[in-house]
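Notes follow the structure.
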Amino acid sequence: MTTESELELVSLTKRYGETLAVDAIDHKFPAGSYSCLLGPSGCGKSSTLRMIAGHEVVSSGDIVLGRANITDLPPAKRGTAMMFQSYALFPHLSSAENVAFSLKMRGQPKAARLKRAMELLELVDMTQYAGRLPGQLSGGQQQRVALARALITSPAILLLDEPLSALDPFLRLRMRLELKRLQRELGISFIHVTHSQDEALALADGIIVMNGGRIEQAGTPQQVFDAPETEFVARFIGGHNVMKRDGGAIAVRADRIAVTRQGAPGAAQLEAVVRDVEYLGTTVNLALSAGGAGDITATLADSIFFKAPIEIGETVFLSWSPADAHPLAA
Ligand code: ADP
Ligand code: MG
């Protein structure tokens, strides 16, 4: 097995008794890519990740890494590694001993495994804390140790389940950059589970949006954000208006809606009343009621808005380019 391995899920299914948690999903994760499994709580992200890791028995379907079918292999034999939350570090072992732990389990001599642990600690910028116990480290530092611990077996694929959710907002952004840098440097695949759209958009080469145990849409961040294919994706990714049109539905990005006081004759447009104006710094959000078309949000650049500020209660006209209206699958 090489680090150049593509991972393929073939009709992968997980049932817990009556619950169908993962419903026959198919997906290919390209070698050396950063992928995010994105979706709301309970949609089957963790079950999918744990099946890939070998921590959960597969109900049916296959997991193929490179040319090897790893579906039924034990976790340590698959070429994957899971990064566990930092609180899973052994409290009585130093950072270096925590990182070296799985090599100890594999019977590597002490000097060799500690040498390798120091290399990994250097990779995550933690050399100077090698001798500290987890209790003597900050949350972010513990996270780095947990990362090094997962990487020490040189996996082809690193699996991360909501790795940033326990961190405060400042640290979360820092670790996010760090994860991306590490993945780029190592050239291996990361599969990262998150319910945060921002996190997925910022990190991933590929986003897999899940809902109810199925894949709603998979694509680049730009494809998923700019051209959602279903109402669920448009609403979950956010920044879109979903409007009923001619028996179907379309999604139009809030920042692609032009707002004018006078209607332009001939142009496709919608009359709407301004219900709320929310100043967000670089942008201003208008909450609008457009009769039968329902509630609509328009996001204007602050520079545009302040040229002719619009007030609550005004009637305005909304328009957008036909290319910005994305038809949604029923
Ligand atoms: P997510 O990570 O997206 O929140 P999960 O994969 O944890 O979703 O859960 C998917 C579904 O499977 C949920 O309905 C959840 O309640 C159920 N589930 C998860 N783990 C178990 C389990 N060990 N036993 C029974 N049901 C489970
Ligand atoms: Mg989960």
Side-chain angles (χ1 to χ4, degrees), residues 7-29 34-63 70-72 74-75 78 80-89 139 142-143 146-147 149-150 155 157-169 171-172 175-176 179 183 189-204 206-219 221 224-225 228-238:
L7 178 77
E8 184 172 8
L9 310 181
V10 186
S11 202
L12 188 66
T13 301
K14 181 66 195 180
R15 281 189 207 86
Y16 302 99
E18 297 288 284
T19 308
L20 182 55
V22 180
D23 186 4
I25 62 172
D26 295 295
H27 189 72
K28 281 184 184 165
F29 298 88
Y34 204 118
S35 302
C36 283
L37 295 177
L38 172 67
S41 177
C43 72
K45 306 179 297 295
S46 294
S47 298
T48 302
L49 204 72
R50 291 202 305 266
M51 286 192 283
I52 297 170
H55 295 303
E56 194 78 75
V57 174
V58 168
S59 301
S60 63
D62 288 290
I63 303 168
I70 63 169
T71 315
D72 299 314
R78 303 165 80 94
T80 60
M82 185 112 159
M83 179 190 148
F84 289 99
Q85 297 295 350
S86 50
Y87 48 72
L89 294 175
Q142 290 179 24
Q143 198 91 354
L147 249 179
R149 186 166 73 158
I157 305 203
L158 181 68
L159 306 164
L160 310 108
D161 195 346
E162 311 253 5
L164 305 177
S165 59
L167 303 177
D168 67 58
L171 214 49
R172 191 177 305 149
M175 272 307 283
R176 191 167 92 180
L179 285 175
Q183 186 271 329
S189 290
F190 280 25
I191 303 177
H192 173 141
V193 161
T194 179
H195 60 265
S196 159
Q197 305 83 330
D198 291 349
E199 209 166 289
L201 291 171
L203 276 170
I207 297 180
I208 299 100
V209 185
M210 293 184 68
N211 177 30
R214 300 173 146 263
I215 295 176
E216 284 269 334
Q217 186 173 348
V224 171
F225 181 74
E229 288 167 359
T230 67
E231 180 167 344
F232 175 85
V233 174
R235 291 193 192 283
F236 190 76
I237 286 284

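Predicted, not measured: the structure shown is a model, and the values here were computed from it. In this chain, residues are counted from 1 in sequence order. Just follow the structure's listing: the first ligand is 1, and inside any ligand the first atom is 1.
The CG atom of Leu159 sits 5.5 Å away from the OG1 atom of Thr80 when rounded to the nearest 0.5 Å. Of the inter-residue distances, the one linking Glu231 atom CD with Asn211 atom CG reads 11.0 Å to the nearest 0.5 angstrom. Interatomic distance, Arg50 CZ to Asp161 CG, rounded to the nearest 0.5 Å: 7.5 Å. Expressed to the nearest 0.5 Å, how far CG of Leu9 lies from CG of Asp26 amounts to 8.0 Å. Note that CE of Met82 and CD1 of Ile191 are 11.0 Å apart. Values are rounded to the nearest 0.5 Å. Rounding to the nearest 0.5 angstrom, the gap separating the CD1 atom in Ile25 from the CD1 atom in Ile215 is 4.5 Å.
Between Leu37 and Lys45 the shortest heavy-atom distance is O-CD, 3.6 Å.
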Can you list every pair where an N/O of ligand 1 is under 3.5 Å from an N/O on the protein?
from: ligand 1; atom 1: 2 (O); to: Ser46; atom 2: N; distance (Å): 2.9
from: ligand 1; atom 1: 2 (O); to: Ser46; atom 2: OG; distance (Å): 2.8
from: ligand 1; atom 1: 3 (O); to: Cys43; atom 2: N; distance (Å): 3.2
from: ligand 1; atom 1: 3 (O); to: Gly44; atom 2: N; distance (Å): 3.1
from: ligand 1; atom 1: 3 (O); to: Lys45; atom 2: N; distance (Å): 3.0
from: ligand 1; atom 1: 3 (O); to: Lys45; atom 2: NZ; distance (Å): 2.8
from: ligand 1; atom 1: 4 (O); to: Gly42; atom 2: N; distance (Å): 2.6
from: ligand 1; atom 1: 6 (O); to: Ser47; atom 2: N; distance (Å): 2.9
from: ligand 1; atom 1: 6 (O); to: Ser47; atom 2: OG; distance (Å): 2.6
from: ligand 1; atom 1: 8 (O); to: Gly44; atom 2: N; distance (Å): 3.2

Exercise. Do Thr48 and Lys14 pass the side chain to side chain contact (heavy atoms under 4.5 Å, CB included) test, and can you show the C-alpha distance, the side-chain angles, and the key distance before you say yes or no?
Worked result: CA-CA 8 Å; Thr48 302; Lys14 181 66 195 180; over 6 Å; no
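Around the Mg ion (ligand 2), the protein N, O or S atoms closer than 2.8 Å are Ser46 OG, listed by chain and residue number.
Few gaps surround CZ on Arg172; more than 12 heavy atoms of other groups in view lie less than 6.0 Å from it.
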